[in-house]
Amino acid sequence: MKIQYQQVVAIQSSEYCNFISANGSKKQTLCMTKPWLNINEQWKTELVSDNSSTANIKFGDYVRFSSERYDSAYLSGYNGYSPMALTTMNAPQDYERFKLVDPSNPSSTAEITTNDEFELWLVNGDKYSVKVSGIEFEKSIPFVTSGGSTFRLIQITVNA
């Protein structure tokens with residue numbers, strides 16, 4: 001099943017089946033992983049170049065994720081922590097843009113389905129991708145320069 005922008009999704013680790021979770025709405029709040037799917041693990045998808053688009057999500061698109069639980073909380077790679085970690089920020093800026101990359105074909109621009117795996121790359125700066133460890137309640141999700149984790153989008157809502 002294809003996934004469109006404006007839909008609510010969960011970002012699930014392909015390897016460990018845990019979910020990226022918002023942990024608050026304050027600036028630079030660390031994200032966690034959790035083994036369940038609840039409101040904190042739900043993210044609205046937006047195309048960065050057109051935040052009202054309902055087009056199908058494609059590999060290579062620049063994507064923004066906003067929390068369904070916390071108003072004005074965006075998934076972020078702002079590097080205020082050492083080591084650099086996934087956080088939420090209270091406004092969509094440069095560090096709130098991600099690229100969904102096909103790990104077997106990084107130049108792919110194919111439409112993404114619920115079966116597809118992707119790496120979550122930070123758009124701003126060097127090539128950083130998200131890496132989860134498999135701990136049920138991972139309190140900090142780091143960025144790495146190689147060997148990032150793969151994820152799937154779990155569709156929560158469907159556009160009419």
Side-chain angles (χ1 to χ4, degrees), residues 2-13 16-101 111-112 114 118-133 135-144 148-160:
K2 294 180 181 174
I3 302 172
Q4 296 173 308
Y5 288 104
Q6 303 305 316
Q7 291 180 330
V8 176
V9 299
I11 306 168
Q12 183 182 37
S13 163
Y16 302 110
C17 297
N18 52 6
F19 298 91
I20 294 177
S21 178
N23 197 27
S25 61
K26 292 184 180 175
K27 186 175 178 180
Q28 296 184 28
T29 302
L30 286 168
C31 289
M32 302 175 67
T33 60
K34 293 189 180 169
W36 58 71
L37 177 55
N38 205 330
I39 189 71
N40 286 10
E41 294 73 47
Q42 296 181 27
W43 303 90
K44 182 180 173 187
T45 56
E46 296 177 9
L47 179 62
V48 169
S49 62
D50 178 3
N51 64 1
S52 64
S53 174
T54 58
N56 291 334
I57 298 174
K58 297 179 188 175
F59 288 114
D61 283 353
Y62 288 2
V63 181
R64 182 177 294 127
F65 296 95
S66 61
S67 172
E68 283 293 286
R69 168 69 170 91
Y70 300 103
D71 289 339
S72 300
Y74 293 86
L75 194 61
S76 178
Y78 182 74
N79 59 358
Y81 288 95
S82 182
M84 197 168 152
L86 199 59
T87 64
T88 54
M89 289 293 274
N90 54 5
Q93 299 174 49
D94 286 347
Y95 287 95
E96 291 69 50
R97 298 177 303 155
F98 293 88
K99 186 176 179 180
L100 308 181
V101 178
E111 293 178 342
I112 293 178
T114 53
F118 62 89
E119 289 183 359
L120 189 60
W121 288 10
L122 182 61
V123 171
N124 193 17
D126 296 325
K127 179 196 159 204
Y128 288 106
S129 58
V130 176
K131 176 75 173 173
V132 295
S133 69
I135 298 170
E136 280 192 357
F137 297 97
E138 190 170 1
K139 294 181 181 174
S140 177
I141 306 169
F143 282 91
V144 294
S149 297
T150 57
F151 298 91
R152 285 190 185 94
L153 294 178
I154 306 300
Q155 195 167 17
I156 307 297
T157 64
V158 178
N159 294 345

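Position 1 is the first residue of the sequence, and the numbers go up from there. Note that the structure is a prediction, hence the values are computed from the model and not measured.
The OG atom of S67 lies 14.5 Å from the CE atom of M89; values are rounded to the nearest 0.5 Å. Taking OG1 of T88 as the reference point, atom CD1 of I20 lies at 12.5 Å (rounded to 0.5 Å). Rounding to the nearest 0.5 Å places CZ of F98 at 10.0 Å from CG of N124. For the atom pair D71 CG and N90 CG, the distance stands at 11.5 Å (nearest 0.5 Å). Between I156 atom CD1 and I3 atom CD1 the span is 10.0 Å, to the nearest 0.5 Å. Taking CG of L153 as the start and CD1 of I11 as the end, the distance is 6.5 Å to the nearest 0.5 Å.
Nearest heavy atom pair, residue N23 against residue L30, reads CB-O, 3.1 Å. Closest non-hydrogen pair, Y74 versus P92, comes out as CE1-CD, 3.4 Å. Closest approach of L120 to F65, counting heavy atoms only: CD1-CE1, 4.0 Å. When all heavy atoms of T114 and Q155 are compared, the closest pair comes out as CG2-OE1, 4.0 Å. When all heavy atoms of S76 and L86 are compared, the closest pair comes out as O-CD1, 3.4 Å. For the pair L37 and A10, the tightest heavy-atom approach, listed with the atom from each and the gap, is CD1-CB, 3.4 Å.
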Determine whether D94 and Y78 satisfy the following criterion, side-chain contact (heavy atoms from CB on, under 4.5 Å), listing intermediate values before the conclusion. CA-CA 8 Å; D94 286 347; Y78 182 74; over 6 Å; no

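Put simply, the side chain of Q12 gets close to the backbone of C17: a donor and an acceptor are under 3.5 Å apart. Although no hydrogens or angles enter the test, the distance criterion places no donor-acceptor pair under 3.5 Å between the side chain of E138 and the main chain of I135. T45 contributes a side-chain N or O that, together with a main-chain N or O of Q7, makes up a donor-acceptor pair within less than 3.5 Å.
Qualifying salt bridge (Lys or Arg N to Asp or Glu O under 4.0 Å) partners for R97, counting only residues two or more places apart in sequence or in other chains: none. Residues forming a salt bridge (Lys or Arg N to Asp or Glu O under 4.0 Å) with E46 (at least two apart in sequence, or on another chain): R64. Partners of K139 under the side-chain contact (heavy atoms from CB on, under 4.5 Å) rule, at least two apart in sequence or in another chain, are M32. The side-chain contact (heavy atoms from CB on, under 4.5 Å) check on S72 picks up nothing, with sequence neighbours excluded. Listed by chain and residue number, D61, E111 satisfy the side-chain contact (heavy atoms from CB on, under 4.5 Å) test with K58 (two or more places apart in sequence, or in another chain).
For residues 16-53, every residue pair satisfying the ring pair (Phe, Tyr, Trp, His ring centres under 6.0 Å) rule, not counting sequence neighbours, is listed here: W36-F137.
Considering only heavy atoms from C-beta on, N51 stays 4.5 Å or farther from Y5 through its side chain. Contact of the M84 side chain with the Y128 side chain is registered, since non-hydrogen atoms from C-beta on lie closer than 4.5 Å.
A side-chain donor-acceptor contact under 3.5 Å links K44 and Q6. The closest side-chain donor-acceptor pair between S52 and D50 falls under 3.5 angstrom. Defined by atom type and a distance below 3.5 Å, a donor-acceptor pair is present between the side-chain atoms of S21 and E41.
Using a 30° and 60° split on the angle between ring planes, F118 and F151 fall in the tilted class, from 30° to 60°.
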